Asks: 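Structure incoming, see below.
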Amino acid sequence: MRVRFAPSPTGALHIGGARTALYNWLMARGNAGTLVLRIEDTDKERSTPENVEQILDALTWLELDYDEGPISQLSRTDRHQELLQRLLDEGKAYRSTATGEDVRKFKEQHGADKGFRGTPEAEGAVRLKVPDEGSTTVHDLIRGDTVFQHVHMDDPVIARADGSVLYNFAVAVDDLDAQITHVVRGEDHLSNTPKQLLVYEALGAQPPLFAHLPLLHGPDGKKLSKRHGAASVQELRDAGFLPEAVRNYLALLGWGAADDQTILTTHELTEQFDVARVQKNPAQFDVKKLTWLNGRYIREMDVDELTKRVEQFTGRTGLREAVAISQEKIGTLADFWPLAGFLFDGPQDDPKAREKWHDADHRHALVQAREAIATTSTFDVEHLEVALREVVEADPERKPKDVYQPIRVALAGTTVSPGIFESLAVLGRDESLKRLDAALNHA
Ligand code: GLU
């Protein structure tokens, strides 16, 4: 099996593109196949080196490696010209100066579904001759057969008048030369496929098999965009998702197990992935589900590994203890700092929290808690828990939160933090007392 991922470097790698890359990768890795990376950079204005870099970075981040490439499509210009000339010489393609306007007029006269045929000329763009009769059938591993009647197909333009070749020609030539066996790509290319099949036929070559992946939608049924939380791999990365969770989620998206989401190892994914089981309906990318799955990955991760990821993400070091006590409470790497940053940077400033929990009613509890924290024999989670439970029980009117929330607000400045005993233990006695005293001085 030989598959390929063929992004156009006209922007960031979209999540849909990442899914296409992943499915090709899973096919290659699950079938002892080869994955070819081809950069379709023939659109010289929109393809920039920065965009290529971004795509390669995104693939690296997702740990999707390739076996051949990256091959620049532009670097294959000579080969494209050679085969273009062959089709012209054999009369399978012709030059024509017909413009889009001519095609429009033709349709007006003959009806919109009548295929346009140009008149061969000495100059102009190159069009491929579509046979007048018969049809071309796209056999798709996901969608089954789609029949395209030749009478309805326009002779497609395969090269501009200046000789530069267009996508439908270049893609077929490149896939052919790379001996691609399976073309797996987005559904937006389905209507291009009959044109490409005709290119293969004109070249006297056997086409690969095709599988067109359904589009990605947001939960509202609209095309996936930034509004849905993220649209590109870079955005997912910046939002603190783990690449392995993203891979897992994308792999299951629109394929078998989507509803009863589970954690599958890369090995299990490559074993189980079968492109023929991908659903035809648009797949829904739900950032909430990804967050849930990401949280599971975080909770199951080794603390040292998670610490490494959090330190990379935040650019800070020495976070291990704080990560260990936050692991149960964060869904993404980005959740860590807002939750636990107070351990390093001091309390946040949430006046509402102070107003509510450092009022006169809670002052006595806070004084007693300070005393317990100052005198507990050993400063660890177990002893702190025992000592503070005694403070709660000292007054039958008190609920646990009447003691714990004032402490939390004193330490963190807000009402969200990792566990209170754990936070105290990480801060240490001196720093904890300093913050409690500061709170008491204000209260
Ligand atoms: N370069 C095309 C794109 O990024 C994909 C071509 C293909 O997979 O055939 O949409």
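In what follows, residues are counted from 1 in the order of the sequence shown. Start at 1 and go down the list; that is how both ligands and their atoms are numbered. Because the structure is predicted, anything quoted here is derived from the model rather than measured.
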Asks: Is the gap between the ring centers of Y404 and F421 under 6.0 Å?
Replies: yes
Asks: As a test of understanding, state which of K195, E40, H189 forms a side-chain hydrogen bond (donor to acceptor under 3.5 Å, both in side chains) with Y167.
Replies: H189
Asks: What protein heavy atom sits nearest atom 10 (O) of ligand 1, and how far off is it?
Replies: H189 NE2, 2.9 Å
Asks: Which of the atoms of ligand 1 are close to R185, meaning less than 4.0 Å from one of its heavy atoms?
Replies: 7 (C), 8 (O), 9 (O)
Asks: Does a salt bridge link R46 with D43, judged by any charged N lying under 4.0 Å from a carboxylate O?
Replies: yes
Asks: With nothing but distance in play, are any N or O atoms of S8 less than 3.5 Å from an N or O of ligand 1?
Replies: yes
Asks: Which atoms from ligand 1 have a heavy atom of R4 less than 4.0 Å away?
Replies: 7 (C), 8 (O), 9 (O)
Asks: Report yes or no: does Q196 have a heavy atom closer than 4.0 Å to ligand 1?
Replies: no
Asks: If the cut-off is 4.0 Å to any non-hydrogen atom of E40, which atoms of ligand 1 fall inside it?
Replies: 1 (N), 2 (C), 5 (C), 6 (C)
Asks: For ligand 1, which part of F5 has a heavy atom less than 4.0 Å away: the side chain, the backbone, both, or neither?
Replies: neither
Asks: Run the numbers for me: atoms of ligand 1, each under 4.0 Å from some heavy atom of V171, listed by number.
Replies: 9 (O)
Asks: Assign the ring pair Y200 / F210 to parallel, tilted or perpendicular, where the plane angle (0 to 90°) is split at 30° and 60°.
Replies: perpendicular
Asks: Check P7 against ligand 1 and report side chain, backbone, both or neither, counting heavy atoms closer than 4.0 Å.
Replies: backbone
Asks: Can we say R227 and D220 salt-bridge, meaning some charged N sits less than 4.0 Å from an Asp/Glu carboxylate O?
Replies: yes
Asks: Could you tell me whether V183 and ligand 1 have an N or O pair separated by under 3.5 Å?
Replies: no
Asks: Salt bridge or not between E311 and R309? Use side-chain N to carboxylate O under 4.0 Å.
Replies: no
Asks: Is the closest basic N to carboxylate O distance between R38 and D175 below 4.0 Å?
Replies: yes
Asks: Find all atoms of ligand 1 within a distance of less than 4.0 Å from any non-hydrogen atom belonging to Y167, and give their numbers and elements.
Replies: 6 (C), 7 (C), 9 (O)
Asks: Quick one: do R143 and E187 make a salt bridge, cutoff under 4.0 Å?
Replies: yes
